[in-house]
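The structure appears below as structure tokens.
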Amino acid sequence: MNSVMESEAGVEAGRPTLAVLVHEGFPSDLLIDVEELCRSFSGFLGAPVALAVTGGRPLEATLDELSGPGSGWEVRFVAPPTSKAASMSSAPFVYREDGRPDWGAMWQGFCELALYGGPPHRGEADALHAVEAPAEVPGNPEFDAIAEIRRGIYETTGLFSEPASEPGWLAVTCNSKKMAAWMAASIILENVDARCEEERLLVPAHPSFRLKNEVKSVITVVAKCNHYWQAHVAAGGGAE
């Protein structure tokens, strides 16, 4: 018999609209990641997601039964994205009436995170790395790139940030260690450098960054990942 697991919050929200089927031989240490993925889906759908674990029979047999004649089911196999997935197309640059970038209006047209199969924000060949030797790369005397990144992150996420002790990095204070670690891992998949220290998320920031290139990229990936994280928390994932 198959077992179906739903979070308590999901049961209270109503009947599931999506089910994820896992074979009993699936690595147990990865099952928690599948549950986290289901919670994320639940947050976006606004409905619980059922996680079914097959028992006593091969997964192939279960799929054959579901897709058999007269079953009413259509089974589709979704392949993972290729390692050379095209990067996300650039959104139009929007300015406020005072001439400053309107970050709150620009990042909202995002696609799915690379973590969930969407195209990364930047291509592999154009990955954004931290500049850890600031003296070798002069900044723009007429534009404060770091201040603009901080403003953009605050406008799109409400998170406070400040220059890190290491050159080339900006430290974003997250709500928990778990949030910082999750966001760092997700941002790396967007082909933008990131790491975490306790509850602080570190992202690239340097005076030489250009407004419509590196500055926009850092703000966008932080905004995207924060949005997904908040949906995850709202769906019952919690934070530690």
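Bear in mind that the values here come from a model prediction, so they are computed numbers and not experimental data. Only heavy atoms go into these numbers, but all of them, side chains included; no hydrogens, no water, no symmetry mates.
- In this structure, the separation between CZ on Arg96 and CD on Glu155 is 5.0 Å, given to the nearest 0.5 Å.
- Here Leu159 contributes atom CG and Cys174 contributes atom SG; the two are 6.0 Å apart, rounded to the nearest 0.5 Å.
- To the nearest 0.5 Å, atoms NE2 (His227) and OG1 (Thr156) are separated by 12.0 Å.
- With rounding to the nearest 0.5 angstrom, the CD1 atom of Ile187 is 4.5 Å from the CG atom of Leu201.
- Transitive grouping of hydrophobic side chains (ILVMFWY, heavy atoms separated by less than 4.5 Å) keeps Val172 and Ile188 in distinct clusters.
- Legend: residues meeting side-chain hydrogen bond (donor to acceptor under 3.5 Å, both in side chains) with Arg210, ordered by chain and number and at least two apart, are Glu214.
- Taking the side-chain hydrogen bond (donor to acceptor under 3.5 Å, both in side chains) definition, one finds that Asn191 meets it with nothing, sequence neighbours left out.
- Leu211 and Ile153 fall within the same hydrophobic cluster, where Ile, Leu, Val, Met, Phe, Trp and Tyr residues are linked whenever their side-chain heavy atoms come under 4.5 Å apart, directly or through other members.
- Residues Leu170 and Pro163 come closest through the heavy atom pair CD1-N, 3.6 Å.
- Of the residues listed (Ile219, Val221, Val192, Val222), the one engaging Val203 in a side chain to side chain contact (heavy atoms under 4.5 Å, CB included) is Val222, and it is the only one.
- Judged by the 6.0 Å and 45° rule, Arg200 forms no cation-pi pair with Trp169.
- Within the 4.5 Å cutoff, the side chain of Glu199 has no heavy atoms near those of the Ser176 side chain.
- Heavy atoms only, all atoms of each residue included: Ile149 and Pro204 are closest at CD1-O, 4.1 Å.
- Taking Asp64 as the reference, nothing meets the salt bridge (charged side-chain N to carboxylate O under 4.0 Å, His left out) condition, with sequence neighbours excluded.
- Taking each heavy atom of Ala164 and Leu202 in turn, the nearest pair found is CB-CD2, 4.3 Å.
- Taking each heavy atom of Arg122 and Ser217 in turn, the nearest pair found is NH1-OG, 2.7 Å.
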